[in-house]
Amino acid sequence: MTVYEVGTPEAMASLGAKVGSLCKAGDLILLNGPLGAGKTVFVQGLGSALGIEDVTSPTFVISRIHKAKLPLIHVDVYRLLEAGNASLYLDDLDLDSPREDAVTVIEWGGEESARLGDDRLEIVIDRSDEVRKVSITAIGNRWAGFEL
């Protein structure tokens with residue numbers, strides 16, 4: 001696990017862009033943190049590295065696919081978690097089929113999302129201090145030796 005200190009929204013977007021510059025088709029990123037932590041800002045930075053400039057939170061639509069040379073599937077399962085059985089609802093999104101050609105980022109992606117891939121980045125944003133701490137854990141062979 002690597003921890004980064006992030007003091008501004010611009011720095012959060014920059015960190016997302018650095019991660020995005022390393023992404024390949026089929027990658028899975030689980031992004032966690034409390035409301036207002038900067039999850040969507042991180043994804044906006046990641047999207048910019050993929051050539052996508054219009055990333056917005058998919059909280060109400062659950063999932064958005066942003067088309068690009070390397071597409072971005074941006075999922076926010078917050079409302080599914082509140083419903084009580086996120087695992088079943090996640091299956092209904094049918095994320096398996098388009099994921100192989102895209103980068104998938106799941107906000108609020110807990111253990112029910114982790115089953116989507118043995119290779120993934122698990123990112124946790126802690127905003128308990130003025131400067132956020134972003135922990136990135138690389139899991140699986142794809143991310144072995146992960147460094148920014």
Side-chain angles (χ1 to χ4, degrees), residues 1-4 6 8-129 132-140 142-143 146 148:
M1 174 175 52
T2 308
V3 179
Y4 302 89
V6 179
T8 66
E10 294 79 16
M12 185 67 76
S14 177
L15 182 60
K18 288 176 185 174
V19 171
S21 70
L22 301 174
C23 287
K24 299 178 184 177
D27 283 346
L28 174 63
I29 299 171
L30 307 182
L31 187 55
N32 288 285
L35 290 170
K39 295 180 295 296
T40 299
V41 172
F42 181 94
V43 180
Q44 288 169 337
L46 189 147
S48 72
L50 302 178
I52 302 164
E53 298 301 327
D54 61 343
V55 174
T56 59
S57 176
T59 300
F60 295 103
V61 295
I62 312 286
S63 177
R64 281 199 171 95
I65 298 176
H66 298 277
K67 297 185 190 299
K69 184 175 180 181
L70 179 55
L72 171 64
I73 301 170
H74 185 194
V75 182
D76 184 329
V77 298
Y78 180 75
R79 290 185 356 177
L80 301 181
L81 295 173
E82 285 189 335
N85 197 342
S87 185
L88 286 177
Y89 293 114
L90 201 54
D91 288 341
D92 289 343
L93 294 176
D94 193 26
L95 292 175
D96 292 332
S97 31
R99 282 193 48 242
E100 63 192 29
D101 298 321
V103 174
T104 303
V105 178
I106 302 178
E107 293 188 34
W108 302 92
E111 62 186 61
E112 55 283 318
S113 300
R115 69 181 169 75
L116 294 173
D118 293 332
D119 296 302
R120 62 189 179 276
L121 288 181
E122 292 187 357
I123 301 173
V124 177
I125 303 171
D126 176 359
R127 68 172 190 141
S128 59
D129 293 323
R132 285 160 167 74
K133 296 198 177 30
V134 181
S135 304
I136 302 179
T137 304
I139 297 172
R142 159 65 181 104
W143 295 103
F146 169 80
L148 288 181

If only atom types and distance count, is the side chain of Lys24 paired as donor or acceptor with the main-chain N or O of Arg142 below 3.5 Å? no
Drop me the distance from Tyr4's OH to Lys18's NZ, to the nearest 0.5 angstrom. 8.0 Å
With heavy-atom distances below 4.5 Å as the criterion, would you say the side chains of Leu30 and Ile123 are in contact? no
Verify side-chain contact (heavy atoms from CB on, under 4.5 Å) between Ile52 and Gln44, making sure each step is shown before the conclusion. CA-CA 8 Å; Ile52 302 164; Gln44 288 169 337; over 6 Å; no
Report the residue from Val3, Val19, Ile29 that forms a side chain to side chain contact (heavy atoms under 4.5 Å, CB included) with Ile136. Val19
Contact summary for Asp27 and Cys23, nearest pair of heavy atoms: OD2-CA, 3.2 Å
Heavy-atom pair of closest approach, residues Val43 and Val55: CG1-CG1, 3.8 Å
Over all atoms of both residues, closest heavy-atom pair of Leu72 and Gly47: CD2-CA, 4.2 Å
How long is the straight-line distance from CD1 of Ile73 back to CD1 of Ile65, given to the nearest 0.5 Å? 5.0 Å
Any idea which heavy atoms bring His74 and Thr40 closest together, and the distance? CE1-CG2, 4.5 Å
Full working for side-chain contact (heavy atoms from CB on, under 4.5 Å) between Leu15 and Val134: CA-CA 9 Å; Leu15 182 60; Val134 181; 3.7 Å; yes
What is the minimum heavy-atom distance between Ser135 and Met1, and which atoms define it? CB-SD, 3.5 Å
In the structure I gave you, are the side-chain heavy atoms of Leu31 and Trp108 within less than 4.5 Å of one another anywhere? no
Leu22 versus Leu148: any side-chain heavy-atom pair under 4.5 Å? yes
Has the side chain of Lys39 got a donor or acceptor atom that lies under 3.5 Å from a matching backbone atom of Gly33? yes
Nearest heavy-atom contact between Trp143 and Ile139 is CD1-O, 3.9 Å
Backbone N/O of Gly26 and side chain of Glu100: donor-acceptor pair under 3.5 Å: no
Does Arg132 use its side chain to pair, donor to acceptor, with the backbone of Thr8 at less than 3.5 Å? no
Go through the side-chain N and O atoms of Glu53 and Ser48 and say whether any donor and acceptor fall under 3.5 Å apart. no
Side chains of Asn32 and Glu122: closer than 4.5 Å at any heavy-atom pair? no
